[in-house]
Every structure is written in C-alpha cells, then in structure tokens.
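Below is one structure, written out as structure tokens; the observations come after it.
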Amino acid sequence: MRYKDCMQRTNSTRAFSKACQVIPGGVNSPARAFGGVGGQPIFIARGEGAYLIDVDGNRYLDYCGSWGPLILGHAHPRVAEAVNRAMANGASFGAPTELETQLAELIIELMPSIEMVRMVSSGTEAAMSAIRLARGYTGRDLIIKFAGCYHGHVDSLLVSAGSSATTLGVPTSPGVPKGCTQDTLVLRYNDVQGLQEAFRAHANKIAGVILEPVVGNMGLVTPSKDFLSALRTQTQQHGTLLIYDEVMTGFRLALGGAQLLQNVKPDLTVLGKIVGGGLPVGAYGGRADVMKKIMPAGPVFQAGTLSGNPLAMAAGLATLQELRDRPPYEHLEKLGVMLEQGLGALGVGRVQRVGSMWTLFFNADPVVDYETAKKSDAARFGRFFWAMLDRGIYLPCSQFEAAFLMKVHTEEHIRQTIAAAKESLQLA
Ligand SMILES: *Cc1c(COP(=O)(O)O)cnc(C)c1O
C-alpha cells in the first residue's frame, strides 16, 4: 500500500499544544492521550466510513471506532439522518418522548435477559447505577469485580486487589476514599477457585458480581466455560445478582451480546457504546422484579437531566435497527478470521479475538487474566503502533485495549492491514 514514510503532523502538534493550555493533558479522556505508546495524539477533523481524516489531511483506516460504538462506521447515513430529524424537533425536553420507549422495546427484543431497561448517558453511569440497584435490591453491600475489567470511573470500582483473594480492595486513584472501595472484592479473571473461596468467606453478603463477559479492557481476554458456569451457579446459590457489563460486547459480538453467545442469563446487563450509535448513551436493564426497585417505580434513587435525550435515542435506535435489518456479524466474523490468520502467519505476538474484537498481544503465553496481560511487551506494542500509524492504520493506542472491526471494513482493507503489519513488525 502507498504511504508517506513520515507523515506531516504539524497541525495536530499545534492543536495539541493549544488544547494542553485549557484541558488537562489536552484530552477529555486519558485513553486518547497516546500515553500507552508515547508521543502525542493526532487530532481528527472528520470520519468517513472506515476512515479517519486528521487535521493535517492524513487518512487512516480506523480500528478504534471511537473505542467501540461505531460498528457501522463513521457518519452512517441512516444514523446521521435520524439525528438530524430529531434535532429539527428540539434537542431536549426533560419530559418523556416516544423515542425512549422505542429504543427500550428494541433493546428488550434483542437482548434475551432484559425485561426492563433504564437509559442514562454513559457506560460509567450505567455501571454505577446497576451496582447501586444490586445493593438496593439485595440489601447487601459487597460487590465482586475482576482485576483488569473496566466498568467506567465509578469510585467503588477503581480498585485493585487486596493482599489475598478474600480481602477487600484498595483504591487505584487519588480522590477515591478507602471507604468507597472497602466493599469491593477484586478477584482474578478466570479463577474459579478464587470465586468459590470468596463466596465461602463472604456468603450472603455479596450483592453482585460484575464482569466483562468477554474482556476488552485488558486487551481481548476470553472467559473459560468453567468460569462462566461457576459465576452463574455461585451467584444463584447465594442470592447474588450476576451483572454482565456488555458496554463493549453488547450488539457487537451478536445482536444479543456475549450473553447470547454464552447462553447465560445475567440478572442485570450494563450497556453503552453501540447502544448510543456514537452519541452519549448508557443503559442498564434486566429482570423486571429487580428493575422495578428503581425510582419512581421503587425506592432506589437514580436520575438524569439528559437521560433518554432525543438525539441520543435517535442515534441509538437507528443503529440498532440497522444492525437488526442488515446484521453484519457474518461479515465481521469472516474479516476477523482473515485478520487473525494473516497476523498469526507473521509469527510475532499472539492474536486473541472474538468476532469483531481483537488484540495483538506481544506476549509469549496466552493471556487469560490481568497478571498474564501485564507480562506483554508494551514498549514493543508502542513501536508497532507508530509504524502502523505511519502506514495509515489507526489502532487503539495501548497494548491493553481491544481493536474493533466495523461493518464498512472490507477484505481489501484486511489485506492492506496485514501487509502494513508485516512491515511494522520488522521495524518494531
Ligand atoms: C467503555 C466501557 C465502560 C465505560 O463507558 P463510558 O461510556 O466510557 O463511561 C464501562 N464498561 C466497559 C466494559 C467499557 O468498555
């Protein structure tokens, strides 16, 4: 493929230094700052199908997709039209609209375990609210999470493991009081025994277990069958709610999310990203008897001025309708197989993939949890990332993230990407 050996990025450099004057670190979310690969972020002017165009006019084939939401690609006509139509009628009313019911109905139709759903404005907000609900419903305080899973910047989930599997967590960010994390247990992903021990030690005090059913946030990590079934049986046995965080996997791995692939019925599901079609939306839903505890149906408080916002609902509805009417999942799987085999044949690193989510780990061993993920060669990933960027391929800027295929990717794109990777791996 054609590429400029050293892309001009002077406009991005200027934009970044201006941004740094007025925005902490120059970005509104730290993952964008290229901290995991070194150097400065590039500034985007616009997106076009599978491509990003930066403020210097460089074009990149995009495998970040806004970190997951853009399964249909940039500026999809059906989504753009729906948002424009909604905008013409007014951006927000602080009163109910029929769009909210329509999106709720569609989510319930597509996601087998969801009987009722509440809209919020981000994945973080959805996870935070689901945890409050689990605690309110069960009358218990403890939450189990797994190291390496990310559920947004919720105080009680910004926590790393204590000294053993059954001791409570410690905050990972200044500003999170110990009090906020002392009811969170952090366990190892895929560790069945650790899970059983935690339930033995804290039986009947655990309100909920939250996990990414396929992990994207330490790079792509899959759960074992045993782990999945232990999660369901232990939670059921102890009256604990099983909370699937499908912010990344929902409507991506299948219309019905990871839970459909895994044939698991969680009690609550947390959604975000694709459900908003590129606009800020989160949602949480599940068993009706649990969801009816939310105010005003029940006593658990949760509210939002812009929750169910008409523009956001229109974007989400158009996206889910398009996914339902013309499912891209076979196409995505086919491209995924091609990419996995092509990168695998280069003999460097290890591709871990489920459907349209994948990570090239620079790691000698299979990555099954946070411990093994951390052994990856992140410096080498950084060199690989920049070599790919110079060849017009935009990957998520960290070894510990999933990359995403979009419906608008083609077999030709995959061939270009494998060719670029072959050169980049030699340089990295
Ligand atoms: C992105 C993400 C979140 C947080 O969503 P935001 O919209 O960024 O707040 C939560 N959980 C998972 C699994 C995610 O990937």
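For ligands, and for the atoms within them, numbers begin at 1 and follow the listed sequence.
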* Minimum heavy-atom separation for L241 to V290, with atom names? -> CD1-CG1, 3.9 Å
* **Under 3.5 Å: donor-acceptor pair, side chain of D62, backbone of L52** => no
* Y51-H413 aromatic ring centre distance below 6.0 Å -> yes
* Asked: Exactly which residues line ligand 1, taking a heavy atom under 4.0 Å from it as the test?
  -> S122, G123, T124, Y150, H151, G152, E212, N217, D245, V247, M248, K273
* Asked: Any side-chain heavy-atom pair from S356 and H409 closer than 4.5 angstrom?
  -> no
* Run the ring-centre check on F227 versus Y189 and record whether the distance is less than 6.0 Å. => yes
* Candidates V221, N217, V270 - the one meeting side-chain contact (heavy atoms from CB on, under 4.5 Å) with E212 -> N217
